[in-house]
Amino acid sequence: MSIKSIVILTGAGISAESGIQTFRASDGLWENHRIEEVATPEGFAANPALVHKFYNARRQSLTRVTPNPAHIALATLETAMQNRGDDFLLVTQNVDDLHERGGSRALLHMHGDLKSSKCLGCDWVGPQTGDTSIDTRCTRCDSRATIRPDIVWFGEMPYFMDKIERALQSCDLFVSIGTSGAVYPAAGFVQTAKAYGAKTLELNLEPSAGSLHFDETRLGPAGTLVPAWVDAILKP
């Protein structure tokens, strides 16, 4: 099959190889905090100072990590496909900036971005590199105590779903990298792509919860599997 359009989904597994701790909700904790405290609108309403402190630390931690070979290989694939006029879309569940730093541009952060904030007062969304607090004022409306992390919390709708759905319906190949396959709606992307005729491939350290839906699963570290797969795709 000639591959003219690829959609790739990445999860915590690709960032873990760069040293970012993976998020797993099975124990109810994220970086030693209860999920309800730091990853829900209710938690932010109850203790915004704690939530700001938590995400400030996550944002600062990005300075201590670098993209790994998997991030760089995906950027290489993007450039090659776009240069020949083909379609490429990278969708990540991760909120770090490792894909951007690895060179990716055709990228959607469906769960938000640590380096972005938004205003609950006027819906402003913009870049955030420094710390925030309950005293941070909105760049647009100058309101105080309305700035929150631009992160999709539990109970909120992921970003770009319409665009992602259209890409899944028209792609030739869907690839899932480093995902648990347990978090919806992303866990259902493979079924959508298959329903519209795409081939499906999983690259993961271990089989995901949705492995049975993929045409092929390859197991191993993303930093090894992804560059090898990209090399094979780009061979003349």
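Because the structure is a prediction, the values reported are computed rather than measured.
Between the side chain of T40 and the backbone N or O of E36 there is at least one donor-acceptor pair closer than 3.5 Å. Of the possible donor and acceptor atoms, none in the side chain of T224 sits under 3.5 Å from a partner among the backbone N and O of G220.
Between F174 and F189, the two ring planes are perpendicular [angle over 60°; tilted spans 30° to 60°].
Taking a cutoff of 4.0 Å between a charged side-chain nitrogen and a carboxylate oxygen, E216 and R218 qualify as a salt bridge. A salt bridge is absent between R101 and D96: the closest approach of a Lys/Arg side-chain nitrogen to an acidic carboxylate oxygen does not fall below 4.0 angstrom. Under a 4.0 Å N-O distance rule, the pair K115/D113 does not qualify as a salt bridge. The pair K4-D87 does not count as a salt bridge, with every side-chain nitrogen at least 4.0 angstrom from each carboxylate oxygen. The pair E156-R148 meets the salt-bridge criterion, with a side-chain N (NZ, NE, NH1 or NH2) lying under 4.0 Å from an Asp/Glu carboxylate O.
Here the rule is side chain to side chain contact (heavy atoms under 4.5 Å, CB included) with T10, and of V91, T92, V226 only T92 fits it. Under the side chain to side chain contact (heavy atoms under 4.5 Å, CB included) test applied with S5, the options L173, D86, D172 reduce to a single match, D172.
Shown here are the side-chain contact (heavy atoms from CB on, under 4.5 Å) partners of Y159, two or more places apart in sequence or in another chain: K118, D150, V152.
Within the cation-pi definition used here (under 6.0 Å to the ring centroid, within 45° of the axis), R59 does not qualify as a partner of Y55.
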